[in-house]
There are 2 protein chains.
Amino acid sequence: MFTECVKAGSFSAAARKLGKVQSAVSQGIANLEIDLGAELFDRSSRKPVLTPEGTRLLYYAQAVLQQVNELEIAARKIEQGDELQVRLALEDGLLSPRLSDILNCFAKLFPATRLEIISASTSAIIQMIKRDKADLGMTFCDQELDAEINQCFIGNLPFYAVCSPEHPLREATEITLHNLFPHRQIVLHGQERTRLDLVPEFSTHIIYADSFLAIREMVRSGIGWSYLPKHLVEEEIQAGRLYKLTPSFDSKPWSPPVETVLAKDRSIGPALNWLANALKGLL
Amino acid sequence: MFTECVKAGSFSAAARKLGKVQSAVSQGIANLEIDLGAELFDRSSRKPVLTPEGTRLLYYAQAVLQQVNELEIAARKIEQGDELQVRLALEDGLLSPRLSDILNCFAKLFPATRLEIISASTSAIIQMIKRDKADLGMTFCDQELDAEINQCFIGNLPFYAVCSPEHPLREATEITLHNLFPHRQIVLHGQERTRLDLVPEFSTHIIYADSFLAIREMVRSGIGWSYLPKHLVEEEIQAGRLYKLTPSFDSKPWSPPVETVLAKDRSIGPALNWLANALKGLL
DNA sequence: TTTATTCATCAATATAGCTGATTAAAATAG
DNA sequence: CTATTTTAATCAGCTATATTGATGAATAAA
C-alpha cells in the first residue's frame with residue numbers, strides 16, 4: 001500500500017489500483033504510520049506528499065518488496081520444474097570472459113537454480129559426471145567412447161605458444177622443432193597422474209603443472225615456455241608481460257577440440273538443457 | 001513461521017516460541033506451501049525435515065525477514081531522533097584508512113542515517129557549512145575566526161616531502177632550502193583561487209593543482225616535488241614508486257593542524273554528534 | 001458558486017488467522 | 001512388545017483484523 005500510494009500519488013488512486021476501497025488504504029497507511037512510529041505522508045495539501053521520514057523509509061519498504069518478489073519468482077520457477085541446482089565442471093583453461101557472459105545470462109533466466117562451478121582436469125570431470133558429483137562437464141576431447149556418458153563436440157580452443165619476454169627463445173629468428181628442443185616446456189598434468197596426451201610435447205625437459213593459471217605464472221617467471229589458451233594470455237601479450245612464439249610448423253594456432261559431457265541416464269531439466277545448449281555457442 | 005520451524009526443528013516447538021498454538025503453525029505452513037506451490041517439509045518421519053525445495057526457498061525467506069528487520073530498525077532509529085542524513089565535507093587529503101573505519105562504524109550505529117561525503121577545499125567547506133550545504137566539515141585550520149561557525153582543533157596531519165625516484169633531488173646529499181629552490185614544487189590550490197597559505201613554499205617554480213591525488217600523480221610522473229599527507233604516500237614510498245625527501249630544516253615531518261567545523265546555530269542530532277566526536281580521535 | 005476529488009472517521013461486515021479438542025502416527029521408555 | 005510421550009493433521013468455532021460503505025470536511029478545478 002505504501003509504495004503504491006507513492007507511485008500513484010494519492011490514496012484513492014492507489015486504492016483503485018489495489019482493487020480496494022479508499023478508506024482501506026487510508027486506514028492501512030495510518031496503521032503503518034503507527035507501527036513505524038513515523039508520519040509517512042504530509043496530508044496538509046490535496047494530494048499526500050512524502051515526508052522526509054517517509055522518503056527515507058520508502059527505500060527500506062521497497063527493499064522488502066523486492067525480496068518478497070524474488071521469493072515468489074523463485075517459487076514459481078521451482079513449481080515450473082526448474083532444477084534446484086546445476087553443477088558445471090570444467091577445465092580451468094575454459095573459464096573465459098565469454099563463459100562468464102553465459103553464466104550471467106543463466107543466473108537471470110534461472111534465478112531459483114543454484115549454479116555450482118567446479119574446476120578439474122578432463123579425466124576428473126568425466127569421473128564426476130559418472131558418479132553424480134556434477135551434472136554437466138566441459139572438457140578437452142577424450143578419444144575413448146564411454147557407454148555411460150554423452151559427449152558433444154562444441155568447437156576448438158586456440159592455444160598460443162608463449163614465453164617470458166626475457167626468455168632466450170625470444171631472440172630466435174625462427175621457431176622450429178629443432179630449436180624448441182633444448183628449452184624447458186611446461187605441460188598440464190591432471191590430478192590422477194594421467195597426463196593428457198593432447199598437448200604436443202616438443203622437448204625432453206618437461207615440467208608438469210596442474211592448472212593453466214599456475215603454468216602462466218611459471219612462464220611469466222621465465223622457467224620455460226608453454227602452450228596456453230588464447231584468452232588467458234592475450235592481455236598479457238598486449239601488455240608485454242608475455243611473448244608469443246609463432247612456430248614455423250604451425251600455420252594456424254594449435255586448437256584442441258572441446259566437448260560437453262552429460263550422463264546418459266540422468267534426467268535433464270530446463271536449466272541444464274539451456275546451459276548445455278548455450279555452451280555449444282561458446283567457441 | 002517457516003524460518004522458526006526450521007530453527008526449532010518441529011512445528012510444536014516453533015508454536016511455543018511464537019506464542020501460538022500448534023495447529024496455527026501447522027495450518028500456517030500448509031497455507032504457505034499452497035501459496036508457494038512447493039512442499040517445504042517432509043512429514044514422513046516424526047520431526048518435519050526440509051525438502052530440497054524447502055532448503056532452497058528458505059534462503060529467499062530469510063532474505064525477506066532480513067529486509068523487514070532492517071525496515072523496523074530504521075523506523076526505530078528515526079523514531080529515536082536519529083537524523084535522516086548527515087553531510088560530511090572534507091579536504092580530500094584527510095580521506096585516510098582510519099577515517100574509513102570511523103565511517104563504517106557510523107554506518108553500523110546509525111543504519112537509518114544516510115551519510116553523504118563531499119570532498120572540497122577548506123574555504124569551500126566553510127562556505128558549505130554556512131549555507132547549509134553540509135552539516136560537518138573537516139579542514140585545515142583557518143586563522144580567522146567566524147561568528148557563524150564552531151571550529152574545534154582535532155590534531156595534526158603529518159606531511160612528507162616526496163619526489164619521484166627518477167627526480168634529480170634524489171641524488172642530493174642534503175635537502176636544504178637552497179637546493180630545493182631550483183626545482184618545481186607542486187602546491188594545493190582551492191577552487192576559489194584563494195591559495196591556502198598553510199603549505200610552505202620554497203621554490204620560485206610553483207605548479208598549482210586542486211587535489212592531493214592529482215598532485216601525487218604529478219609527482220610520480222616526475223614533474224616536481226611536493227608535500228603530501230603521509231597516509232597518501234606511505235605505501236608508494238614502500239613500493240619504491242615515490243621517494244621521501246628529508247629536508248634538513250625539518251626535524252619532524254611538517255604537520256599542519258586540522259579542525260572540525262560546525263554551524264553554530266543549527267541543532268545537532270545524535271548521529272552528527274557521534275561523528276563529530278569520533279573525528280576528534282582521528283589523528 | 002458549483003462540481004469533482006481528495007482524505008479521515010466510524011459503524012458494520014467479512015475473512016483470514018487462531019484456538020482448542022480430537023485423532024493418528026511416530027519416537028521413546030520400560 | 002506394550003505403555004507413554006510427543007508430534008502433526010484436521011475441523012468446528014471464535015477472534016482480531018482488514019475491509020467496506022456511508023458520511024463529512026477540505027481542496028482544487030470549472
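So that the names make sense, note that chain A is the first sequence line, chain B the second, and so on, each numbered from 1.
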- prompt: In terms of heavy-atom contacts, does CD of Q66(B) have more than 12 from other residues, nucleotides or ligands at under 6.0 Å?
  reply: no
- prompt: Roughly how many Å is it from CZ in F41(B) to P in dA8(D), rounded to a whole number?
  reply: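 Between P of dA8(D) and CZ of F41(B): 10 Å.
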query: What is the distance, rounded to the nearest whole Å, between atom CD1 of I34(A) and atom C1' of dT17(D)?
result: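 Value for this atom pair: 13 Å.
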message: Whole angstroms only, please: what is the CG-C1' distance between L32(A) and dT17(D)?
response: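 Taking atom C1' of dT17(D) as the reference, CG of L32(A) is at 15 Å.
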query: Can you check whether R43(B) has a side-chain N or O nearer than 4.0 Å to OP1 or OP2 of dA9(D)?
result: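 True: R43(B) side-chain N/O within range (under 4.0 Å) of dA9(D) OP1/OP2.
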message: Using OP1 and OP2 only, check whether a side-chain N or O of S10(A) sits under 4.0 Å from dT5(C).
response: no
- prompt: Pick from E91(A), E259(A), Q127(A): which one makes a side chain to side chain donor-acceptor pair (under 3.5 Å) with T122(A)?
  reply: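 Of E91(A), E259(A), Q127(A), side chain to side chain donor-acceptor pair (under 3.5 Å) with T122(A) is met by E91(A) alone.
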task: Examine distances only and state if a side-chain atom of S12(A) and a backbone atom of Q22(A) form a donor-acceptor pair shorter than 3.5 Å.
output: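 Answer holds: no.
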- request: Take atom NZ of K264(B) as the centre, draw a 6.0 Å sphere, and report whether it contains more than 12 heavy atoms from other residues, nucleotides or ligands.
  value: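 Result for NZ/K264(B): enclosed.
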- prompt: Would you call E79(A) and R76(A) a salt bridge, taking side-chain N to carboxylate O under 4.0 Å as the test?
  reply: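 Result for this pair is yes, salt bridge flagged.
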query: Does the pair R87(A)/D132(A) count as a salt bridge with the N-to-O cut at 4.0 Å?
result: yes
Residue-level proximity of residues 16-31 of chain A to DNA chain C when a heavy atom falls under 4.0 Å: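 Of all residues in residues 16-31 of chain A, the ones placing a heavy atom under 4.0 Å from DNA chain C are R16(A), Q22(A), S23(A), S26(A), Q27(A).
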- request: Classify the side chain of R46(B) versus the base of dA26(C) as yes if they form a donor-acceptor pair under 3.5 Å and no if they do not.
  value: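 By the distance-only test, yes, there is a pair.
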- request: Round to the nearest Å and state the distance from L40(B) atom CG to dA8(D) atom C1'.
  value: 15 Å
field: Distance in angstrom units between F11(A) CZ and dG21(D) C1', rounded
entry: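 Spelled out: CZ on F11(A) to C1' on dG21(D) is 19 Å.
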